[in-house]
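Below is one structure, written out as structure tokens, with a few remarks after it.
Each chain gets a letter, A, B and so on, in the order its sequence line appears, and its residues count up from 1. All values below were derived from every heavy atom in this structure, side-chain atoms included, with hydrogens, water molecules and symmetry-related copies excluded.
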Amino acid sequence: MDQEYLRPPLWRRQLALGKLIITMSLKCKENSMKGQEYVSPFEVDETSPRHSPLALQRLVVVALSLSFVVSLASCWLNWILPDRAASWLPTWLITMVENQRIATLLVPLACLLVCYWILRAMRGDIMVCPERYLDERQKMLREQAHGSAYKLLKRACLLLPVGLLLYNMYWHSPTPVSPRIFKPVVYSSAFVSQTNEVNIPVVDTLAGAYQQANASQTNEVNITYVDVSPSKPVVISSKDGAFHPQTWLSVGMVSVPRTFVEGQEQAAPSRWPNSPVSMGTFFGTLLLSLFFMITALPMTILAWEGKE
Amino acid sequence: MSETKIYNRLAVLRAERGLSRLALANALGINYQTVGYLERGEYNPSLELAFRISAFFELPIEAIFSLTPFKPLSEELYSRHPGEERRV
């Protein structure tokens, strides 16, 4: 006999599963009620708390904050990736961001949105509800939450210039990159040494990222980019497309071979976002992340403190 | 928000009248959780709310709210002071 024929249809199995889940949840609730001490009839209004447990609320707050931090970090990574500022980051992370730029931007944003809606469902009663439905205590809670959020934002805004200053002082390479003004020169089997005399980020022969160098040649700054990859020949892109051995010698690249081949035109390292779609995605993600975090900030304060 | 705790007899008065928190909250136009906060002394009412409560119970404000802890009603009613006749 065909066993498949005897099986109930899918909708009936789903219905039975739903019934089972509801019965089990009711049993659980009944068992938990049995453990409670006797409650006066006058207190019955408060036996069923309207809000989720504090631990769950705090968990959502942590998830929201993490999503926000990851979202900002992914924006930052996508922005600085062509620079050597990312040289201290693990290679797998750089490769992942480089290969899946849109996904690294959108996934944290999606997590942020989900956490935002969960938090809103949990604590939206005070923060989202129109004021005419709130009593004086709830209005006071709302005002306190807004006040605390304002203080946090004020501190963040004051710290932001300090952070930017430190970033520019220690990590950021200020030279902009434009693919149009650089012409690459390809060296076969070049070997790059690690010396550094003019405070330039050190060339890493193992990293598959771009190396940026500022070299002084006849009293002018010559901007050069080197693409270093273990399996490929070294690509040096300079403004005039010519190779100046003395330039590289002056910045400490000792073992560059003298023989080189003029490479075909290829794009020098370029900054991303470089198209309207990518710019829209990048700045849209940044804007939405900031918007949802700032909007959710008073709710996160309420949820964290467990005030009802 | 002031740190001074204001004591009240809301729980006793509500129980005397057989009101639930929800019923009292509806009568006063506040959230039922606020009644709980008031009874536990975790929230001090505004002057307006205090007057509303006073009007609802038809009692003077000082009979409901106080800056010092209230004595139990039984003690206030039935305790005999020396040389004082018990009122019936």
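Remark: side-chain polar atoms of A:Asp135 are paired, donor with acceptor, to backbone N or O of B:Asn31 under 3.5 angstrom.
Taking a 6.0 Å sphere around NZ of A:Lys139, one finds it holds more than 12 heavy atoms contributed by other residues, nucleotides or ligands. Residue-environment remark: CZ (A:Phe291) stays at or below the threshold of 12 foreign heavy atoms within 6.0 Å.
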Can you give me every donor-acceptor pair (side chain of residues 51-64 of chain B, partner residue at least two apart or in another chain, under 3.5 Å) with its distance?
residue	atom	partner	partner atom	Å
B:Arg52	NE	B:Leu28	O	3.1
B:Arg52	NH1	B:Glu48	OE2	2.8
B:Arg52	NH2	B:Leu28	O	3.0
B:Ser54	OG	B:Leu59	O	2.6

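Nearest heavy atom pair, residue A:Glu136 against residue B:Tyr43, reads OE2-OH, 2.7 Å.
Under the rule for a salt bridge (charged side-chain N to carboxylate O under 4.0 Å, His left out), the partners of A:Glu305 that lie at least two apart in sequence or sit in another chain are A:Lys307.
The CG atom of B:Asn44 lies 9.5 Å from the CE atom of A:Met140; values are rounded to the nearest 0.5 Å.
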